[in-house]
Engineer: 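Take this structure first; my questions come after.
Residue indices begin at 1 and follow the sequence shown. Numbering of ligands and ligand atoms starts at 1, following listing order.
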Amino acid sequence: MSNFLDETIAAIRRKIGDFVPEFGIILGTGLGKLVDEIEVSHSLMYSNIPNFPISTVEFHSGRLIFGVLNGRNVVAMQGRLHYYEGYTMEEITFPVIVMKALGVKKLFVSNAAGSLNPSILKGDLGIIDDHINLLPDNPLRGPNEGDLGPRFPDMSEPYSKKMIEQAFDIAHRLDYRVHKVVYVSTPGPNLETRAEYRYMRIIGGDIVGMSTVPEVIVANHMGLPVFAISVVTDEGFHSDLKPVSLREIVEVAAQAEPKMTKILKELIAVQ
Ligand code: HPA
């Protein structure tokens with residue numbers, strides 16, 4: 001790992017000079033507009049960064065964006081990797097390790113998710129307080145990288161309580177519908193059956209999605225505080241399940257995105 005990491009960091013440093021990002025941002029599918037608010041100083045194609053995974057067509061156009069957001073130095077991933085695309089857990093989480101090595105002190109993550117909780121509706125926002133990992137693999141499996149973190153990382157506060165409170169203050173001031181949620185991660189790519197939605201609700205989930213947890217595990221391993229926010233794009237209420245299409249998910253995500261962007265932007269400014 002450290003040889004790979006050194007090579008990647010050296011290549012990025014040659015491009016960005018001594019720019020030090022304070023915050024890392026990973027934006028979910030259909031939730032990339034926050035990037036438009038960044039005063040960009042450097043934009044690197046993943047395909048030009050050594051050791052960055054780029055095997056899918058979508059990811060080939062991905063970029064790592066460096067710049068200033070609301071007065072703070074950030075690095076943002078435009079284009080996230082999902083397990084269902086065939087990436088390994090190591091590939092999905094390598095960018096988080098890179099961000100930390102570049103100087104990032106906190107990680108911000110967004111995603112689209114389905115609701116399991118009848119009081120959480122399409123278009124609402126979920127501020128993630130905890131998660132249940134139903135992915136069939138773990139990015140920390142294998143020999144532990146002791147330089148990065150401990151063999152058995154603590155997960156008692158996977159999402160920063162302080163940032164959750166700050167985000168609620170911001171959201172309430174803006175009068176947005178927000179909920180504190182437990183996120184269930186599923187490998188996808190199929191959506192859930194009625195029995196699966198019901199099961200996820202019974203085990204304690206409020207929302208379900210196909211991302212986020214691998215990056216959050218690796219951030220916790222390295223002691224990086226995390227804030228994560230979901231846009232609820234569909235309602236997986238098992239007793240009355242309607243078919244959902246990707247088009248609908250992307251449409252709802254686009255409608256609710258400005259609220260999520262505003263919260264993230266304000267939250268970053270108060271760190
Ligand atoms: N299930 C899983 N992933 C999702 C969903 C869902 O209902 N909606 C958006 N991502």
Engineer: Counting from 1, what ligand 1 atoms have a heavy atom of Leu191 closer than 4.0 Å?
Structural biologist: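 So the atoms of ligand 1 that pass are 1 (N), 2 (C), 5 (C), 6 (C), 7 (O).
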Engineer: Are Phe108 and Phe23, when compared by the centres of their aromatic rings, separated by less than 6.0 Å?
Structural biologist: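 Here the rings of Phe23 and Phe108 have centres that are less than 6.0 Å from each other.
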Engineer: Is it true that the side chains of Asn117 and Ser115 contain a donor and an acceptor less than 3.5 Å apart?
Structural biologist: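 Note: Asn117 and Ser115 side chains miss the donor-acceptor criterion.
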Engineer: Using a strict cut-off of 4.0 Å, indicate which atoms of ligand 1 neighbour a heavy atom of Gly114.
Structural biologist: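 Those qualifying, in numeric order: 5 (C), 6 (C), 7 (O), 8 (N), 9 (C).
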Engineer: When you compare ligand 1 with Thr186, is there at least one nitrogen or oxygen pair between them that comes in under 3.5 angstrom?
Structural biologist: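 Between Thr186 and ligand 1, no N or O pair is found under 3.5 Å apart.
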Engineer: Between the candidates Val208, Val244, Val231, which shows the shortest non-hydrogen contact distance to atom 4 (C) of ligand 1?
Structural biologist: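 Heavy atom nearest to atom 4 (C) of ligand 1 belongs to Val208.
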Engineer: With a cutoff of 4.0 Å, is Gly236 in contact with ligand 1, counting heavy atoms of the residue only?
Structural biologist: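 It does not, in that no heavy atom of Gly236 comes within the 4.0 Å cut-off of ligand 1.
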Engineer: Is the count of non-hydrogen atoms from other residues, nucleotides or ligands lying under 6.0 Å from Arg72 atom CZ greater than 12?
Structural biologist: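 Yes, enclosed.
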Engineer: Just which atoms of ligand 1 are under 4.0 Å from any heavy atom in Glu192?
Structural biologist: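 Contacts of ligand 1 toward Glu192, numbered from 1: 1 (N), 2 (C), 6 (C), 7 (O).
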Engineer: More than 12 heavy atoms of other residues, nucleotides or ligands under 6.0 Å from CZ of Arg173: yes or no?
Structural biologist: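 Atom CZ in Arg173 is packed in, count exceeds 12.
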Engineer: For ligand 1, which atoms have a heavy atom of Thr233 less than 4.0 angstrom away?
Structural biologist: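 With Thr233 as reference, the close atoms of ligand 1 come out as 8 (N), 9 (C).
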Engineer: Any side-chain heavy atom of Glu235 within less than 4.5 Å of one from Leu121?
Structural biologist: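 Side-chain contact under 4.5 Å: yes.
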Engineer: For atom 8 (N) of ligand 1, what is the closest protein heavy atom, and at what distance to 0.1 Å?
Structural biologist: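 Going atom by atom, the protein heavy atom closest to atom 8 (N) of ligand 1 ends up being Asp234 OD1, 2.6 Å.
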Engineer: Can you tell me which residue and heavy atom of the protein come closest to atom 10 (N) of ligand 1, and the distance to 0.1 Å?
Structural biologist: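 Looking at atom 10 (N) of ligand 1, the protein heavy atom closest to it is Ala112 O, 3.5 Å.
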Engineer: Can you tell me which portion of Tyr197 lies within the under-4.0 Å heavy-atom range of ligand 1? Options are side chain, backbone, both, or neither.
Structural biologist: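 Answer for Tyr197: side chain.
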Engineer: With hydrophobic residues grouped by side-chain heavy-atom distances under 4.5 Å, do Leu116 and Val252 end up in a single group?
Structural biologist: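 No, because Leu116 and Val252 fall into different hydrophobic clusters, even though each may have its own neighbours under 4.5 Å.
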Engineer: Between the side chain of Ser41 and the main-chain N/O of Phe66, is any donor-acceptor distance below 3.5 Å?
Structural biologist: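 Flag set: sc Ser41 to bb Phe66 pair under 3.5 Å.
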